[in-house]
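Since the structure comes first, as C-alpha cells, the remarks are kept for the end.
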Amino acid sequence: MNLLEIKQYLENNNITLPITIGSLKDSNCIGLFATAGQEPNFFFNKGYIEYKGLQVLVRHQSYAEGESIINEIYRLLNNSEGFKPSQSPFSLGRNDKGFMEFSVNYIITKTEVL
C-alpha cells in the first residue's frame, strides 16, 4: 500500500479530518509520512519483501478528540494486512500554535516479484 492508498482507506473508513501526505496543515488534520523502514529480504526466486516505514500524525485543538482519532486510526491499520505498529499511539504535546499532536509509527510489509 502506498500513502495515497492509505489515505483513501482511512477516508473510506470514516476518518473525516483532512488528510495530507508529507505535510500537516495549521488546523485539525492528519498527516501521513514515509519514514525509514527496514532492509528488504531478497529471495532466489527473484522476489523480495520490503519493510517500509509509515508515520501517522494527528493534529487537533482538543486533546480528547485528537487522542480518539489517533486511536481509531491505530485500530483500523492494526486490522489491515501488512501493518505492524512500532509502538502504541503517543502524545507529542502541544505545538507552538497550541494544537495537540499525536503520533503512531508502522512498518508496512510489501511483497514484490521481480
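Positions are given from 1 along the sequence.
To the nearest 0.5 Å, atom CD1 of residue Ile70 and atom OG of residue Ser88 are 11.0 Å apart. One distance of note links CZ of Arg94 with CD of Gln61; it measures 8.5 Å at 0.5 Å rounding. With rounding to the nearest 0.5 angstrom, the OG1 atom of Thr20 is 9.0 Å from the CD1 atom of Ile30. Taking CD1 from Ile69 and NE2 from His60, the interatomic distance works out to 4.5 Å, rounded to the nearest 0.5 Å. The structure places CG of Leu77 at 5.5 Å from CG of Leu10, a figure rounded to the nearest 0.5 Å. Leu57 CG to Leu24 CG: the interatomic distance, rounded to the nearest 0.5 Å, is 5.5 Å.
For Gln55, the side-chain hydrogen bond (donor to acceptor under 3.5 Å, both in side chains) test picks out Ser103, with sequence neighbours left out. Among residues two or more places apart in sequence or in another chain, the ring-ring contact (aromatic ring centres under 6.0 Å, His included) test is passed with Tyr63 by Phe102.
Cluster membership for Val56 and Tyr9, using ILVMFWY side-chain heavy atoms within less than 4.5 angstrom, is shared. Hydrophobic clustering (ILVMFWY, side-chain heavy atoms < 4.5 Å, transitive): Val104 and Phe33 are in distinct clusters.
Closest heavy-atom contact between Arg59 and Phe99: CG-CB, 3.4 Å. Between Leu3 and Ala34 the shortest heavy-atom distance is CD1-N, 3.8 Å. Between Ile73 and Tyr106, the shortest heavy-atom contact is O-OH, 4.4 Å.
In summary, the side chains of Asn71 and Glu67 do not present any donor paired with an acceptor at a separation below 3.5 Å, with no hydrogens or angles considered.
The one candidate from Ile108, Ile107, Thr109 that meets the side chain to side chain contact (heavy atoms under 4.5 Å, CB included) condition with Phe83 is Ile108.
Remark: Glu81 CD is loosely packed, at most 12 non-hydrogen atoms of other residues, nucleotides or ligands lying under 6.0 Å away.
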Practice task
Decide side chain to side chain contact (heavy atoms under 4.5 Å, CB included) for Leu76 and Ile15; before the verdict, give the C-alpha distance in whole Å, the side-chain angles of both, and the deciding distance to 0.1 Å.
Solution key: CA-CA 10 Å; Leu76 286 168; Ile15 300 298; 3.9 Å; yes
Exercise for the section: Evaluate the criterion side chain to side chain contact (heavy atoms under 4.5 Å, CB included) for residue pair Leu54 and Asn105; output intermediate values, then yes/no. Expected result: CA-CA 6 Å; Leu54 167 68; Asn105 296 288; over 6 Å; no
